[in-house]
Amino acid sequence: MRIVLVGPPGAGKGTQAAFLAKNLDIPHISTGDLFRANISQGTALGLEAKGYMDRGELVPDEVTIGMAKDRMEQADAANGFLLDGFPRNVAQAEALDVVLKADEMQLDAVLDLEVPEDEVVKRIAGRRICRNDSSHVFHVEYNAPKTEGVCDTCGGELYQRADDSEETVRTRLEVYHTQTEPIIDYYRAQNLVVTISALGKVDEVTARAMAALKK
Ligand code: AP5
Ligand code: MG
């Protein structure tokens, strides 16, 4: 299956992607996680992305599309993938269509996670992620690690993302509404969009997502 996850910052894309990718046996590809890995490794790509991310703006398409394409072309993605945070504007969606068409592939679904803004703000405020791997995601209240400040998955140190400050979250939400939401209409025209509520417990949302994808 080839799936795109879409939803505002803090909707739970990364959280759900971890479970959905496991259930569907496809790799979870998050451009945000790829950028953060590049930043912690101090690569040129990471250095270029960091300023945009810290401000809550999109990293330029030239950088992002190439990175996403490279990742999708790796062997583990040959039979499918779950994209989280890509595409994030119509130009990226068009570029993805070109990549897929070149290999005679298609998307199966675009899963749209709907969450009210006040809930998103609470989820982001309490989020903690792992130094070793930013796909290990927790919440101080809603999804607390067994030991405070320590990652359940790998024992790494948990910290708060630099772009989770109140001011940057405001920019990220605005960027989502103006630049990312239009891709939902783009994919609606291809009859690919499945919208679900992302409210409720993590496992309830996963069950809802799996049921929606099976249809
Ligand atoms: P990215 O890392 O993709 O961030 P985002 O889209 O803003 O989304 P988040 O990771 O903040 O939220 P999420 O939906 O994954 O929620 P999570 O599961 O963590 O991108 C960061 C930056 O990178 C961008 O701003 C941009 O600069 C750059 N970038 C990335 N991709 C790009 C692209 N394609 N083009 C250009 N630039 C790009 O959950 C949030 C919290 O809620 C957690 O604490 C979690 O534990 C909790 N939670 C989850 N589910 C539930 C639930 N059901 N109930 C209660 N709490 C829950
Ligand atoms: Mg995420």
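Start at 1 and go down the list; that is how both ligands and their atoms are numbered. Owing to the predicted nature of the structure, the values given are computational and were not obtained by experimental measurement.
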How many angstroms lie between OG in Ser40 and NZ in Lys50, if you round to the nearest 0.5 Å?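 Going from OG on Ser40 over to NZ on Lys50, the span is 11.5 Å.
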Between atom CG of Leu83 and atom CD1 of Ile26, what is the distance when rounded to the nearest 0.5 Å?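 Here the rounded value is 9.0 Å.
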Starting from [atom], find the nearest protein heavy-atom neighbour and note its residue, name and distance.
{"atom": "atom 18 (O) of ligand 1", "result": "Thr15 OG1, 2.6 Å"}
{"atom": "atom 53 (N) of ligand 1", "result": "Gly200 O, 2.8 Å"}
{"atom": "atom 31 (N) of ligand 1", "result": "Thr31 OG1, 2.7 Å"}
{"atom": "atom 42 (O) of ligand 1", "result": "Arg123 CB, 3.2 Å"}
{"atom": "atom 10 (O) of ligand 1", "result": "Arg161 NH1, 2.9 Å"}
{"atom": "atom 15 (O) of ligand 1", "result": "Gly14 N, 2.9 Å"}
{"atom": "atom 44 (O) of ligand 1", "result": "Phe138 O, 2.7 Å"}
{"atom": "atom 28 (C) of ligand 1", "result": "Met53 CG, 3.7 Å"}

Check the pair Asp203 / Arg208 against salt bridge (charged side-chain N to carboxylate O under 4.0 Å, His left out), numbers first and verdict last. CA-CA 9 Å; Asp203 57 347; Arg208 215 174 282 148; over 6 Å; no
Geometric N/O contact [X] with ligand 1, under 3.5 angstrom:
{"X": "Phe35", "value": "no"}
{"X": "Lys13", "value": "yes"}
{"X": "Arg88", "value": "yes"}
{"X": "Arg172", "value": "yes"}
{"X": "Asp163", "value": "no"}
{"X": "Ala11", "value": "yes"}
{"X": "Val59", "value": "yes"}
{"X": "Gly12", "value": "yes"}
{"X": "Pro9", "value": "no"}
{"X": "Arg127", "value": "yes"}

Keeping [X] on the side-chain end and [Y] on the backbone end, is there a donor-acceptor pair under 3.5 Å?
{"X": "Gln92", "Y": "Arg88", "value": "yes"}
{"X": "Lys13", "Y": "Val6", "value": "no"}
{"X": "Asn38", "Y": "Leu34", "value": "yes"}
{"X": "Arg55", "Y": "Asp163", "value": "no"}

For ligand 1, which atoms, with element, lie under 4.0 Å from some heavy atom of [X]?
{"X": "Thr64", "value": "33 (C), 34 (N), 35 (N), 36 (C)"}
{"X": "Val202", "value": "50 (N), 51 (C), 52 (C), 53 (N)"}
{"X": "Asn143", "value": "46 (O)"}
{"X": "Lys201", "value": "53 (N)"}
{"X": "Arg36", "value": "2 (O), 21 (C)"}
{"X": "Tyr142", "value": "55 (C), 56 (N)"}
{"X": "Gly85", "value": "31 (N), 32 (C), 33 (C), 34 (N)"}

Quiz item: cation-pi between Arg131 and Tyr159, 6.0 Å / 45°: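 Yes, Arg131 sits over the ring of Tyr159.
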Using non-hydrogen atoms of the residue, decide whether Arg55 is closer than 4.0 angstrom to ligand 1.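 So Arg55 does not count as touching ligand 1.
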Should [X] and [Y] count as an ion pair when the cut-off is N to O under 4.0 Å?
{"X": "Arg161", "Y": "Asp54", "answer": "no"}
{"X": "Arg170", "Y": "Glu174", "answer": "no"}
{"X": "Asp118", "Y": "Arg123", "answer": "no"}

Record the part of Gln92 in heavy-atom contact with ligand 1 below 4.0 Å; permitted values are side chain, backbone, both and neither.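 Side chain only; the backbone of Gln92 stays clear of ligand 1.
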Under 4.0 Å, heavy atoms only, figure out whether ligand 1 is touched by the backbone of Glu57, its side chain, both or neither.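 It is the backbone that gets close, since no side chain atom is under 4.0 Å.
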Please examine the side chains of [Y] and [X], heavy atoms only from C-beta on, and report whether any two atoms are closer than 4.5 Å.
{"X": "Thr206", "Y": "Leu20", "answer": "yes"}
{"X": "Thr180", "Y": "Asn89", "answer": "no"}
{"X": "Leu24", "Y": "Leu213", "answer": "yes"}
{"X": "His28", "Y": "Asp33", "answer": "yes"}

Using the side chain to side chain contact (heavy atoms under 4.5 Å, CB included) rule, take Phe86 and Met72 through it: C-alpha gap first, then chi angles, then the decisive distance, then the call. CA-CA 11 Å; Phe86 181 87; Met72 285 185 281; 4.2 Å; yes
